[in-house]
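Structure, as structure tokens:
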Protein chains: 2
Amino acid sequence: MNTSLAITNRSLHDQVVSRVRDLIIEGILEPGSRIDEASLIDELGVSRTPFREALRTLAAEGLVIVRPSKGSVVRKLTPEDVFAMLEVLGHLEQLAGELACQRASDQEIQALVDLHNRMLVHYRARDRMPYYKLNQEFHSRLTELSKNDTLQEMQRNLQARLKRIRYIGNQRPDSWAGAVEDHEAMVAALKARDGKRLGQAMARHIANTWDRVKDSI
Amino acid sequence: MNTSLAITNRSLHDQVVSRVRDLIIEGILEPGSRIDEASLIDELGVSRTPFREALRTLAAEGLVIVRPSKGSVVRKLTPEDVFAMLEVLGHLEQLAGELACQRASDQEIQALVDLHNRMLVHYRARDRMPYYKLNQEFHSRLTELSKNDTLQEMQRNLQARLKRIRYIGNQRPDSWAGAVEDHEAMVAALKARDGKRLGQAMARHIANTWDRVKDSI
DNA sequence: TTTTTTATTCTTGTATACAAAATACACAAC
DNA sequence: GTTGTGTATTTTGTATACAAGAATAAAAAA
């Protein structure tokens, strides 16, 4: 059995989508810049057909804008866009929190508490990158505990759109402590299976995110 | 000036997307059935390239499933899918209602009240189809009043995914009155700009939708 | 008869060629 | 120097050809 099966098994379409998505999130393709088909298909080693299909997928995801006959550009988020997305994401994660308290098993909750503890280790060591990665996972995993596929899908989508912004916002040192406090409150509420309290904590956490990132857009 | 400018101006891609979307919503392409590229491109009079790009858009919207090397199928919603979508939609419209109370102008609210009154006329006449259309519009317009583009986008997406189901659910006569009562409550709360109450009314209305449609999935 | 294998046909995936549109450029007129 | 116009170049959009894979049918073996 081939160990790289999971990768080779993915369709070319999915591979192109996620590679271009990464280029956008990492900022290699800058927000607002035109997407040059010729150079990118050259870089990726695929032909235009699958590449353009991938662009359609990314456009539907909201990462790319296709301007008919004028080429595609990396979507550039205005502060209003980001505020709107956080407003929705906050509400979705609030729902996720409430549902998680009803539907998650003790094991699942414990796994998330463990994840939180690992985050604390990175926080104390001021290891920003691993903390950031675990943070993304924390929110995804908590949303999974809602057992609502649609909710997961929408949360994933918004998280992807905001990933770039969040990463930039995380550069500022002073805000980190506040985020960790928020997480503490969330974990406590989850342990107590207090859905309302967890929901509110999550909504507040996302609202605080706005304060953390708003000046870096 | 050409009056059909708005239509001819749309890209072929958008046209194909919305035509196939309509075929799905109207049930001409049945849930679960394979999408035969050959016959559809023949019907639509386009070649495979733009058609397949349209499929990628529809897949990202959640109306179509692309199975690599095995063709695409119209997504068939399980009862669990529908429940999950309504759970999210209910929460999103709750947020929309709250924001509308804060952000909508008196004019905008009045326009929605007028729309509601037109719905009542159709209800009294038992004109199901025009009522149904205005009902879609009512929810869309109310969401617009939230002034949150992301919220509108997600609401639109969920509404499109559920359109088929809702239409079927609306066939049952007894549930109609309940839906109208819900709308009465929503309009009253909106007039009073009571965000919490409107939000709750909207969430309850969507929850009731589940009861209305659950036996027809 | 049932199962397995192999050949054929049909469908999907990708590359490429051509058409159409937009952009860039050069040059002229003002 | 600016504006306008026509041409060349580049880029995008669509059709089609070919390759690769899956489904089907036919033939051979159990």
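Naming convention: chains lettered A, B, ... in sequence-line order (proteins, then strands); numbering from 1 in each chain.
In this structure, of dT12(D), dT12(C), dA15(C), it is dA15(C) that holds the atom nearest to the side chain of V46(A). With dT14(C), dT11(C), dT14(D) as the candidates, the nucleotide lying closest to the side chain of S47(B) is dT14(D). Side-chain proximity of E37(B) to the nucleotides dT12(C), dT12(D), dT14(D) is greatest for dT12(C).
Here dA19(C) presents its P atom at 18 Å from CG of L12(B), a figure rounded to the nearest Å. Nucleotide dT12(C) holds its P atom 10 Å from the CD1 atom of I35(B), rounded to whole Å. One can place CD of E53(B) at 13 Å from P of dT12(D), the figure rounded to the nearest angstrom. In this structure, the CD1 atom of I41(A) is 9 Å from the P atom of dT16(C), given to the nearest Å. Atoms CZ (R48(A)) and C1' (dT16(C)) sit 10 Å apart, rounded to a whole Å. Rounded to whole Å, the distance from NE2 on H13(B) to P on dA20(C) is 21 Å. Regarding F51(A), its CZ atom lies at a distance of 16 Å from the P atom of dT16(C), rounded to whole Å.
Near DNA chain D, meaning a heavy atom under 4.0 Å away, the residues from residues 54-71 of chain B are S69(B), K70(B).
Side-chain contact, E144(B) with Q152(B): no donor N or O sits under 3.5 Å from an acceptor N or O. A donor-acceptor contact closer than 3.5 angstrom links the side chains of D81(A) and T78(A). For the residue pair D106(A)/Q110(A), the side-chain donor-acceptor check at 3.5 Å is not satisfied. A donor and an acceptor atom, one from each side chain of Q102(B) and E98(B), are nowhere located under 3.5 Å apart.
In this structure, R126(B) is positioned above the aromatic face of Y123(B), its NZ or CZ under 6.0 Å from the six-membered ring centre and within 45° of the axis.
Between the side chain of Q15(B) and the main chain of R10(B), a donor-acceptor pair closer than 3.5 Å is present.
Distances shorter than 4.0 Å separate some side-chain N or O of R34(B) from OP1 or OP2 on dT12(C).
With sequence neighbours excluded, no residue forms a ring pair (Phe, Tyr, Trp, His ring centres under 6.0 Å) with H13(B).
Map T49(B) and D36(B) each onto its nearest nucleotide of DNA chain C; the residue landing nearer the 5' end is D36(B).
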